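A short worksheet on the structure shown next.
All figures in this text were calculated on a predicted structure; none of them were measured in a lab.
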Amino acid sequence: MSDQFEVPVAALAGVTWRKSRHSGKWGNCIELAALDNGTIALRQSNQSDGTALICTRAELAAFLSGAKDGEFDDLVR
């Protein structure tokens, strides 16, 4: 799975999905799960049987750093 960017969520059975405490109760959030091979899976909570995106820890760290710095704030205004 390490060379795949997109996988069916069903192929990730048994992982523990986590979401932000800031997520609303209407399913408007992204959930993440650490995978055994060191990558991170992301899925939409309202499509829990859909597709998950796979990224490396370094990719997610770069994104989170940018988000913390406000680089994407214009996308949610």
Side-chain angles (χ1 to χ4, degrees):
M1 195 175 327
S2 63
D3 61 343
Q4 293 180 310
F5 177 70
E6 205 173 336
V7 299
V9 170
L12 303 173
V15 302
T16 301
W17 293 98
R18 298 168 48 188
K19 64 181 175 180
S20 169
R21 67 178 185 273
H22 298 284
S23 298
K25 63 182 178 180
W26 308 109
N28 59 343
C29 60
I30 301 296
E31 297 176 316
L32 294 91
L35 303 180
D36 290 340
N37 65 2
T39 59
I40 307 292
L42 296 88
R43 72 176 182 183
Q44 291 179 287
S45 63
N46 62 358
Q47 294 184 9
S48 60
D49 292 330
T51 301
L53 301 178
I54 308 299
C55 64
T56 66
R57 291 180 184 272
E59 291 166 337
L60 184 58
F63 172 77
L64 291 175
S65 292
K68 289 176 184 177
D69 287 344
E71 293 180 18
F72 309 108
D73 289 357
D74 63 307
L75 297 174
V76 294
R77 289 188 186 138

Residue from L35, N37, L42 passing side-chain contact (heavy atoms from CB on, under 4.5 Å) with I54: L35
Interatomic spacing from SG in C29 to CD in Q44 - rounded to 0.5 Å: 9.5 Å
Linked, directly or transitively: V76 and L64 (ILVMFWY side chains, under 4.5 Å): no
Listed once per pair and sorted, the ring pair (Phe, Tyr, Trp, His ring centres under 6.0 Å) pairs that draw on residues 50-71, sequence neighbours left out: F63-F72
Closest non-hydrogen atom pair, R57 against I40: NH1-CD1, 4.1 Å
Partners passing side-chain contact (heavy atoms from CB on, under 4.5 Å) against V9 (at least two apart in sequence or in another chain): W17, R43, A52
side-chain hydrogen bond (donor to acceptor under 3.5 Å, both in side chains) contacts touching residues 59-77 (sequence neighbours left out): T56-E59
Which residues share a side-chain contact (heavy atoms from CB on, under 4.5 Å) with R18, sequence neighbours left out: none
D36, CG: over 12 other non-hydrogen atoms inside 6.0 angstrom: no
Contacts of T51 that satisfy side-chain contact (heavy atoms from CB on, under 4.5 Å) - sequence neighbours left out: E6
